[in-house]
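Presented below is the structure to which this report refers.
None of the values given here were measured: they were computed from a predicted structure.
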2 protein chains.
Amino acid sequence: MPTIKDIAEKLNISYSTVSLALRDSPKVKKKTLKLVKQTADEIGYRPNCIARSLVLQKSILVAMITPDISSPFYARIVEGAEAACRKKGYNMLICNTNWDPKWEEKHLNLILERRIDGAVIAPCKIKNDYLDKILSAKLPIAFVSSQYPHKDKDNLIFRGADNIEGGYLATCFILKKKQKAIAFIGGSINSVSLVHRMEGYYMGIDEADFPRENVYTYTGDFSQNSGYENSLKALHEHPEITCLICLNDLIAMGALKASRETGRKVPEDIGIIGYDDTYLASLDAVQLTSVYQPKYQMGYEAMNKLLDRLESDEENEPLSKLLHCKLSIRNSV
Amino acid sequence: MPTIKDIAEKLNISYSTVSLALRDSPKVKKKTLKLVKQTADEIGYRPNCIARSLVLQKSILVAMITPDISSPFYARIVEGAEAACRKKGYNMLICNTNWDPKWEEKHLNLILERRIDGAVIAPCKIKNDYLDKILSAKLPIAFVSSQYPHKDKDNLIFRGADNIEGGYLATCFILKKKQKAIAFIGGSINSVSLVHRMEGYYMGIDEADFPRENVYTYTGDFSQNSGYENSLKALHEHPEITCLICLNDLIAMGALKASRETGRKVPEDIGIIGYDDTYLASLDAVQLTSVYQPKYQMGYEAMNKLLDRLESDEENEPLSKLLHCKLSIRNSV
DNA sequence: CATTTTTTTTCAAACGTTTGAATTGACCTT
DNA sequence: AAGGTCAATTCAAACGTTTGAAAAAAAATG
């Protein structure tokens, strides 16, 4: 592949001049500039980003770390982040952790070694030693979806939805109608956002004076299958349940299936409410009532803020911002 | 950030030795090796991939270009590709083209400049001048999903499903039952795979001696909404239609909605068949019969083959491989 | 025409690695 | 004691850029 030197030799000028010319420096004579660009085209010259990165000490490369890029929730966040990158001319590395902290660590290490300029991360665990280490290593990081508890918390970029609000909206809504018993389906408490969400759920429950002994909890992971099995179990152990509160839409899909299989009609016999309001919920065949989170916006703003920080030090709006949830009411409650 | 030189100075040895030691060269005394690694740990040394890439002339970085990473079809392909990268220790850049050849070109250019080692691409257009240029620039590229027509075709890596077979399976299946009229919904012919798919569809139609004048075609894009609108139009213009053949699952979702809204029951009054067999089709609430493509496998194998080629020149299995489709029969026909 | 000023070009070091060739020093042979 | 072998280390160039400082060339000034 041709280099700057090749152009220089061909034109019999120094390669400093070529370098300057290629970047439209006003220092170089217009005639030379044109000549340089022309021969660059001719021999098919491409700037070498690697060399450039080495001297400039930045890579114009940024990473996005998510637990599961194939989930409709994270996919939408990734989309937003990608859009922000595209707009600013950055490239984005995508790293899937599969909910495994080991892989999260591995990816973060690689990011450090690649001298990536920064990363947006949707952490898969509430707290991590290596995340602390990375944060003290001053690698610019933005958190999305889940806030990270860190001593220097006020200096962290974060975009996520108000999960307390989201949970609160959900239980308020379902308890407007009379419920005999309700159950939470899915989600082990391993992230801050879930803790908040539960807090919100219970706020609504207490406010409606619904007896806590009629609230059951079934923990599991975030998959459709886990939702299915836990719902079956719940409906079997407590047939009086009139509403399944699912910790995301995928789980709700499983709950829908379980309800139907046990001969219950939705929403007549049982209510089901999801969380995230992914496009699954909006499918005509599904029509799931769900708590909307501004996923795209979260991804976009987190990345955008990160890139802002990379490019200048002036900060205008706050680093951390909690976005509002709202209820997408459809036909499952 | 500390460098090799820092370690060398601290230990009063040359930095060549440090470099060797860090990579476990047998040339360096065990005692020194241990000492080097220890101090590297102490001062928090991280190898600098950029410098390394510059001298080694490779970046251990690979790109995946897709039209739409948020579509369940491509997302699954990306997952497969990502898995292959992870296994071999490569990082993957993800590039979204949004079905826009302009962005495809831009991404390819950046890939060239970044000295990315290679790319897997799911092209958004049947033919492109700049893709030709890139191919002659000898950047290792693997095609996935859509085959690319190129003079040096036999030397291209490709993994995709047999779309002729897939289309054939679909029409054979629906024509086992009696149909009055059928319609194709969605998809403009801009990719080789679609051409093949249509060929397959018609193979089945002709084999069943179904009259071609009872076959209608409605073109559009690949979105749910396009599926919805085209289906409405089709059912309005030709109420006798008894089956909608959708060019992907998203379109089928729209068709499902349109059918329901016009008071038709699925599958009693109208049959709907999708393509790709994404997890949308498998949702309990949806139960869409669809043509399965091995998406994950396509992504995985394309990337894997690409990485193989990057690491050695020996080729054992063929570069290009057409995978089999099969019918996932559910409850919509 | 000699000076000064301005424009344009070149020099050379730097970024952090890798690596073939050269060097050093220890130990063994004869 | 000279020569040879081997292990361990060091030298120095290379990868392809950028950039402040120096130099050269051109233009303006008196």
To the nearest angstrom, the NZ-P distance between A/K30 and D/dA26 comes to 18 Å
Does A/R52 put a side-chain nitrogen or oxygen below 4.0 Å from OP1 or OP2 of D/dG16? no
Expressed in angstrom and rounded to an integer, what is the separation of B/L54 atom CG from C/dT17 atom C1'? 8 Å
Figure out the CD1/P separation between B/I4 and D/dC11, and round it to whole Å. 15 Å
In this structure, how many angstroms lie between the C1' atom of D/dA7 and the CG atom of B/L33, rounded? 14 Å
At under 4.0 Å between heavy atoms, which parts of nucleotides 9-14 of chain C does protein reach? Answer with one letter per nucleotide, 5' to 3': B base, S sugar-phosphate only, - none. BBBB--
Figure out the CD1/P separation between A/I50 and D/dT18, and round it to whole Å. 14 Å
Which label fits A/W103 and A/H107: parallel for a plane angle under 30°, tilted from 30 to 60°, or perpendicular past 60°? tilted
Does the pair B/K321/B/E301 count as a salt bridge with the N-to-O cut at 4.0 Å? yes
Specify the closest pair of heavy atoms between A/V192 and A/P149, including all atoms of both residues, with the distance to one decimal. CG2-CD, 4.3 Å
Sequence neighbours excluded, which residues qualify as ring pair (Phe, Tyr, Trp, His ring centres under 6.0 Å) partners of B/F143? B/Y148
Counting only side-chain heavy atoms from C-beta out, which of C/dT18, D/dT18, C/dT17 sits nearest to A/R115? C/dT17
Does this structure show an ion pair linking B/R76 with B/E79, if we count only N-O contacts that are shorter than 4.0 Å? yes
Separation of D/dC15 atom P from A/K5 atom NZ, nearest Å, is 7 Å
Residues which pass salt bridge (charged side-chain N to carboxylate O under 4.0 Å, His left out) with B/D41, listed by chain and number, not counting sequence neighbours: none
Looking at B/L131, is its backbone amide N or carbonyl O close enough to the side chain of B/N128 to form a donor-acceptor pair, meaning the two atoms are under 3.5 Å apart? no
In whole angstrom, what separates B/E9's CD from D/dT10's P? 13 Å
Establish, with yes or no, whether the OP1 or OP2 oxygen of D/dG16 is under 4.0 angstrom from a side-chain nitrogen or oxygen of B/Q57. yes
Any side-chain N or O of A/R23 below 4.0 angstrom from OP1/OP2 of D/dT19? yes
Starting at CG of A/L22 and ending at C1' of D/dG16, how long is that distance when rounded to a whole Å? 12 Å
